[in-house]
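Every chain is numbered from 1, with letters handed out A, B, ... down the list of sequences.
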2 protein chains.
Amino acid sequence: MRERLSGIDRPTIVDVAKVADVSRQTVSRVLSDHPRVAPATRRRVEEAIENLGYRPNRMARALVTRTSLTFGFAAVDMRNSHFGDTCSGMQSAAREHGYYLVVTELDFDDDRGMGTLETLLTLGVDGVAFFPSFFADKEIELFAATSGCPVVMIGREAKIPNVVSIAMDEDRAADLVVGHLVDTGKRRIGILMNEMFPEVVHGRFVALQRAVTERTEVGNPPVEAGHPKIQQGRNATKKLLTKHPDVDAVIGFNDTMAMGALLACHDLGLRVPEDVAVVGYDGISFGAITNPPLTTIVQDSIGMADAAFKALLAAVQNGTPPDGEVVSWQPELLTRGST
Amino acid sequence: MRERLSGIDRPTIVDVAKVADVSRQTVSRVLSDHPRVAPATRRRVEEAIENLGYRPNRMARALVTRTSLTFGFAAVDMRNSHFGDTCSGMQSAAREHGYYLVVTELDFDDDRGMGTLETLLTLGVDGVAFFPSFFADKEIELFAATSGCPVVMIGREAKIPNVVSIAMDEDRAADLVVGHLVDTGKRRIGILMNEMFPEVVHGRFVALQRAVTERTEVGNPPVEAGHPKIQQGRNATKKLLTKHPDVDAVIGFNDTMAMGALLACHDLGLRVPEDVAVVGYDGISFGAITNPPLTTIVQDSIGMADAAFKALLAAVQNGTPPDGEVVSWQPELLTRGST
DNA sequence: CTGTTAGCGCATTCAG
DNA sequence: CTGAATGCGCTAACAG
């Protein structure tokens, strides 16, 4: 037997069979809880498994069953709380159902990430869930068509064949945010946009623009863009407030940018929320400790993760790929000191 | 051919061979960049691959080569910045070297996580890196002995056979923190400990206790424990400061707990750092936006991730398992407004 | 209830 | 330079 590079070889089903003095097939039956195995035989096999420290090789199993009980998950940055929460949520859901989650990060600089999703496929996952970030709808459609497994997209509301889309209701979120700002007396609202992923940003941007136009007297809101990070949010806010000194409220694409806005206001000697109100999106836990604490749109990451897993599971169990279904999720406004 | 549950079947090497009118082996040679393939043949095969959208099945390949070009990574919570940064760092390192990282979260409530590491193995990874969190040294030793692949542990300094340990120099970190506090005039230092993972905590705790005892006049420092979260840090700090009103500095097990300490001081009407100084561990980015900004011990997550990957790669390439090596990493103190 | 045969998709011998 | 056989570890289908 060729040895693994690492030295020690793990026992195989044959080793177990030999020790238990049965055929491989019987061992296989014990492993899969097949009913028709004599109790005594079963015991012998289980003992052998225990003694040898045997663990079935899931790759070999998947090769023949064409099912790995594994789903893939991908996002650009697991440390981003919304992505991370969703990832954790899917891990839990998967575990509960005897599934396993293979997680990988998408790299914008690399191959724009599509190759990473492909690699996930070659690893034999039964389905894929991911945050589309910088992918175009067309790319996703092509991927889904050739993937040979169910595909779930989280965070963008788009009707794509063979893809289930799970996303927050951006219109509702925008109405909540803008409505709240207007209710608290704000009249000139600026927006901090994410320049990194135009595709995903689009829905949120359009919704915000509509809500601002509808609910305030000034037409199109002033916009600055930057990467969705604290420092970039800070810089973008400074530019925004310098160009438009009448702005009395800033909406950040996400909480991180909004945190930057908080810092920018401090830099410029503006009081929050008296001079400028600040709102973010996501509801990350660190929003509670900023000064003042951040008002934000909370997405139900866990609920969405659960829905994503269920969609994948249903598709696998029914043997039918998903069909352009869109699952809409309701946002909530968490009001804190920054507004 | 049996169909996948999901319907569409992905093309195999045989399909490519048929289209290119060659044998499977020739396709295999093209895939592995074997030199002795006629240019014309190679072109035909490459075209067929392109047209069919063929991607090699890594499971089948791993089964015969006994190498998956995949490493496993596990930690309790990817959203924890230090874990997340390390994970990202390993992803990058892996990508650069043609490797792939399979990430999974350890679940304390489940099986205390060891089963999760086992599952990683059954997935066919060539090596495993993980944060030991709640694992005992003995458990890890057993796992490493039977894993059949190199094992790297990050975040605990322990000499375990067949395991490379990559960890921060806790003594040095403790000296930096306590030295700094003493230098700024603090005399009565309290500690916020992590009650969740006694094993990993131990090293940091012992180091801090020693440093405090050595550098201040009061002997053993007062300690409160809680989960490594903001609210738990807040509660623990309140208890600590109520029981010991003379405490003028609080060291948090990590930044999150230290943030809780900041809130607790605010709750109690204490000024930071005048009345009570606060220090954390990790150097997470949100530490920059607290009020006041958090002084913290910064670990070089990326560097450690790189070292972990390199250790795994070296072990695989040399065909020898690691042998209880301990790689020590130097901490740095990032001084900000909270001290 | 248990064993035998066949083959999942691929790479590694060994022949031509 | 290319093809045919063999087997990685496992399960499905069929015998008995």
Side-chain angles (χ1 to χ4, degrees), chain A residues 1-6 9-45 48-49 52-70 121-126 148, chain B residues 1-6 9-18 20-45 48-49 52 54-70 121-126 148:
Chain A
M1 194 200 276
R2 214 168 334 131
E3 272 182 38
R4 291 190 64 149
L5 288 171
S6 44
D9 264 302
R10 305 205 102 206
T12 75
I13 201 169
V14 179
D15 298 321
V16 176
K18 230 175 277 172
V19 170
D21 197 34
V22 293
S23 74
R24 303 193 319 225
Q25 200 40 237
T26 303
V27 177
S28 178
R29 285 194 187 98
V30 170
L31 288 171
S32 50
D33 264 331
H34 192 100
R36 275 184 301 214
V37 171
T41 313
R42 179 182 296 275
R43 280 247 332 249
R44 273 215 321 287
V45 171
I49 288 176
L52 262 46
Y54 167 80
R55 296 271 172 274
N57 181 324
R58 292 173 63 121
M59 296 189 303
R61 180 180 283 176
L63 210 53
V64 29
T65 60
R66 308 176 75 75
T67 300
S68 62
L69 296 182
T70 296
L121 252 31
T122 69
L123 238 39
V125 297
D126 296 340
Chain B
M1 193 201 274
R2 215 167 332 130
E3 271 181 39
R4 290 190 64 150
L5 286 173
S6 44
D9 265 302
R10 303 205 103 205
T12 75
I13 201 170
V14 179
D15 299 321
V16 176
K18 230 174 277 173
D21 198 32
V22 293
S23 73
R24 307 193 317 228
Q25 292 63 25
T26 304
V27 177
S28 180
R29 285 194 189 96
V30 170
L31 288 172
S32 49
D33 263 331
H34 191 99
R36 273 184 301 212
V37 171
T41 314
R42 180 182 295 275
R43 280 245 334 247
R44 274 216 318 287
V45 171
I49 288 176
L52 261 47
Y54 167 80
R55 296 270 173 273
N57 181 324
R58 291 173 63 121
M59 296 189 303
R61 180 180 281 176
L63 209 52
V64 30
T65 60
R66 307 176 76 73
T67 301
S68 62
L69 296 181
T70 296
L121 252 32
T122 68
L123 237 40
V125 297
D126 296 339

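From A/Thr26, atom OG1 reaches atom NE2 of A/His34 across 10.0 Å, with rounding to the nearest 0.5 Å. Atom CG of residue A/Leu31 and atom CD1 of residue A/Ile13 lie 5.5 Å apart, to the nearest 0.5 angstrom.
In this structure, of C/dA11, D/dG9, C/dG9, it is C/dG9 that holds the atom nearest to the side chain of B/Ala60. Comparing C/dT2, C/dA6, C/dC10 by their closest approach to the side chain of B/Arg61 singles out C/dC10. Here C/dG7 is the nucleotide among C/dA11, C/dG7, D/dT2 with the atom lying nearest to any side-chain atom of A/Val64. Closest approach to the B/Gln25 side chain among D/dA12, D/dG3, D/dC10 is made by D/dG3 (side chain taken as heavy atoms from C-beta onward). In the set D/dG9, D/dT6, C/dC1, the nucleotide with an atom closest to the side chain of A/Asn57 is D/dG9.
Contact annotation: side chain of A/Arg29 to base of C/dG3, donor-acceptor pair present below 3.5 Å.
Atom CZ in B/Arg10 sits about 18 Å away from atom P in C/dC8, given to the nearest Å. Between the NE2 atom of A/His34 and the C1' atom of D/dA12 there is a distance of 11 Å, given to the nearest Å. In this structure, A/Arg24 atom CZ and D/dA12 atom P are separated by 13 Å, rounded to whole Å. Between B/Ile13 atom CD1 and D/dT2 atom P there is a gap of 15 Å when expressed in whole angstrom units. Atom P of nucleotide D/dG9 and atom CG of A/Asp15 are separated by 8 Å, given to the nearest angstrom. The CG-C1' distance, from A/Leu52 to D/dG9, rounds to 15 Å in whole Å. For A/Leu121 and C/dG9, the CG to C1' distance is 15 Å, given to the nearest whole Å. Rounded to whole Å, the distance from CG on A/Leu63 to P on C/dA6 is 19 Å.
Looking at B/Arg42 and B/Asp33, a side-chain N of the basic residue comes within less than 4.0 Å of a carboxylate O on the acidic one, giving a salt bridge.
Dashed line: the shortest gap from a side-chain N or O of A/Arg66 to OP1 or OP2 of C/dG9 is under 4.0 Å. Here B/Ser28 reaches the OP1 or OP2 of C/dA11: one of its side-chain N or O atoms lies under 4.0 Å away. Distances shown here put every side-chain N or O of A/Thr12 at or beyond 4.0 Å from the OP1 or OP2 atom of D/dG9. Look at A/Arg58 and you won't find any side-chain N or O under 4.0 angstrom from OP1 or OP2 of D/dC10.
B/Thr26 comes within contact range of the sugar-phosphate backbone alone, with a heavy-atom separation under 4.0 Å but no base atom that close. Residue-level contact check: A/Thr41 touches the backbone only, with heavy atoms under 4.0 Å from sugar-phosphate atoms and none from bases.
At least one donor-acceptor pair under 3.5 Å links the side chain of A/Thr65 to the backbone N or O of A/Arg61.
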Run the side-chain contact (heavy atoms from CB on, under 4.5 Å) test on B/Arg55 and A/Leu121 for me, step by step, so that the C-alpha distance in whole Å, both residues' side-chain angles and the decisive distance to 0.1 Å come before the verdict.
CA-CA 9 Å; B/Arg55 296 270 173 273; A/Leu121 252 31; over 6 Å; no
